[in-house]
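Notes to accompany the following structure.
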Number of protein chains: 2
Amino acid sequence: MASNANSVNIESEKRGYHHGDLRSALVQAGLDLLKTRAPDAVSLREIARMAGVSATAVYRHFPDKQALLSALCDEGAEDLARLQQAAMAQAGGGRSGFDAVGRTYVRFALANPTLFRLMMTAPVDSCAPLAALGQDVLAKKILMDNIAALAPVEASQAEQRVFALRAWSIVHGLAMLMLDRQVPADDALIDAVVTSASVGVG
Amino acid sequence: MASNANSVNIESEKRGYHHGDLRSALVQAGLDLLKTRAPDAVSLREIARMAGVSATAVYRHFPDKQALLSALCDEGAEDLARLQQAAMAQAGGGRSGFDAVGRTYVRFALANPTLFRLMMTAPVDSCAPLAALGQDVLAKKILMDNIAALAPVEASQAEQRVFALRAWSIVHGLAMLMLDRQVPADDALIDAVVTSASVGVG
DNA sequence: TCGGCAATGTTTACAGCGATAACATGGCGA
DNA sequence: TCGCCATGTTATCGCTGTAAACATTGCCGA
C-alpha cells in the first residue's frame, strides 16, 4: 500500500540535521497512523513525532495540516484506482467486471476506514471548486466515466449519467453504512447488494 | 426544527446562579451552532459560551462531549423521522410514498449537513453494540422495516432485506456524495436517482 | 577555496480544546 | 432554621495547530 520504495530505512539511519526526504517520510508515517487511529484523532504532531521530527518541520513541506492529509488522500486514491483496475481486468470486463469494481470499492473502504473517510469527506465548508481538489477527485471522474460506459447502450447520455451516479451511490452508501456500523460489514451482504444492483437495469 | 417549546426566552431573562433548564439550552445552542459550523469545529466550549455558561457546567448534564453530541443526534433523528412520516403520508403510501421518503432523506442531509454527518457517523473506534446507541438508530430500524415492506412481495425475506438495504444505500450514498461535493447538489438529480431506483426492481 | 544564501531543520510561544479537581451558590426538605 | 446536594464556578493540565525567531547545512558563484 502506497509504498515509497525510494528513501527507505530512513528511520534506522542516523540522520543529521537534514532529513533527506521528509515529505515522503511524513506521508508514510501518516498512512501508518491512519491504520490505527480515528480520523479526528490523527494529529499533525503525532505524524511528525512518528517521523522523528519536530512538529513545525511539517510546515516546510505542507502549508497546513489539511494539505498533509490531502497528500494522504491522493495516495489512497491511487491505491484504490489500482485495485479497481486490477479487479476489472481480472473479471474480464463487462458486467462482472462492473460488479467487481463495485465490490472493490466497498472492500477498500472497510480495509482502510479512516483513509477512506478522509478521501471522501470534503474540506466541508470550503466551497472550493472540484477542479481545485486533489487527484483523488480526478480518479473518481475516471471511475464515473467507466461506469457510465457500462450503462445500457440504448439509454440517453443523461440517463447514463444517472445510471452511473446511482451505481456509485449504492457502493458509496453501502460502504459508509458499514463503516459507521449501521449495517454489519458482511462480505456476502456486499456481494448481494452490489451484484443484483445491475440485474434490474441492464 | 427540534424546537424545545418549553423553557424559551432563557437567554433574555436575567438568570441567577442556577440556569433553570441548562440541558435543553445546551442542546438548542448545539443545534444552532451545527447550522453554521463544520462537524469538527463544533466545540463543547463554544456551545457552553452560546448558552451563557462556563464550559465545565456542561459536565453536570453530559458525561463528556460525545454525549452532548449524541443528544443533538437524537433531536435530528426525531426531526428526520417526522419529515419522512409526513412525506409518506402526503404521497399516499405505496411506491410514490417510498420515493418521497427517499427524497426526504437526501434533502434532510443537504439541509442539515453537519447534523446529518454527526447522526450517521459512528463513534468510530468504539465497538459499541448498535443497541447501545441513541434512538436515531432505532429510527433507522423502523425506516428499514418500512422499506422492506415495500419490496416485491414475491421476494424471500432475505431478498427483501437486500432490497431494503440497497434502497437505503442509494439515498445514503447520494446524500453523502452531495454533502462532500463529489456530486452537484441538484434537486432534479435527486429525483432522477431516487425515483428510477425503484423502477428496475418492483 | 571560500563566503553567503536558500532550504530545511529547531525551539519557543500562544490561543483554543476536552477534561478533572476543588470551590461557590442556592433551592428545598427535615 | 439547618444542612444537604444539585448545579453552577474558577484553576489547572496536557493536548492540539500554527506562527515567529533561531540554527544548521548543502550548494553555487566569485
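Please read all numbers here as calculations on a predicted model, not as lab measurements. So you know, we letter chains A, B, ... as the sequences are listed, proteins then strands, and number each from 1.
- The CG atom of A:D21 sits 17 Å away from the P atom of C:dA7 (whole-angstrom rounding).
- Here C:dC17 presents its P atom at 18 Å from CG of A:L44, a figure rounded to the nearest Å.
- Applying the side-chain hydrogen bond (donor to acceptor under 3.5 Å, both in side chains) test to A:R107 and every residue at least two apart in sequence or in another chain returns A:D187, A:D191.
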Close N/O contacts between protein and nucleotides 11-15 of chain C (under 3.5 Å):
from, atom 1, to, atom 2, distance (Å)
C:dT11, O4, A:T56, OG1, 2.6

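- Nearest heavy atoms, B:L118 versus B:P39: CD1-CB, 4.4 Å.
- A:Q66 has its CD atom 17 Å from the P atom of D:dT16, to the nearest Å.
- The separation between A:Y59 atom OH and D:dA21 atom C1' is 16 Å, rounded to whole Å.
- The B:R60 side chain lies nearest to C:dC23 when the options are D:dG17, C:dC23, C:dG9.
- Among the protein residues, B:R49 comes within range of the sugar-phosphate backbone only, with heavy atoms under 4.0 Å from sugar or phosphate atoms but none that close to a base.
- Rounded to whole angstrom, the span from the CZ atom of B:F62 across to the C1' atom of D:dG8 amounts to 15 Å.
- The CG-P distance, from A:L22 to D:dT24, rounds to 19 Å in whole Å.
- As a whole-Å value, the separation of B:D40 CG from D:dT16 P is 15 Å.
- In this pair, A:F116 and A:H172 present their aromatic rings tilted. The plane angle is within the 30 to 60° band.
- Look at A:H61 and you won't find any side-chain N or O under 4.0 angstrom from OP1 or OP2 of C:dA7.
- With sequence neighbours left out, B:E46 forms a side-chain hydrogen bond (donor to acceptor under 3.5 Å, both in side chains) with B:R37.
- Whole-Å rounding puts the A:E46 CD to D:dT16 P distance at 7 Å.
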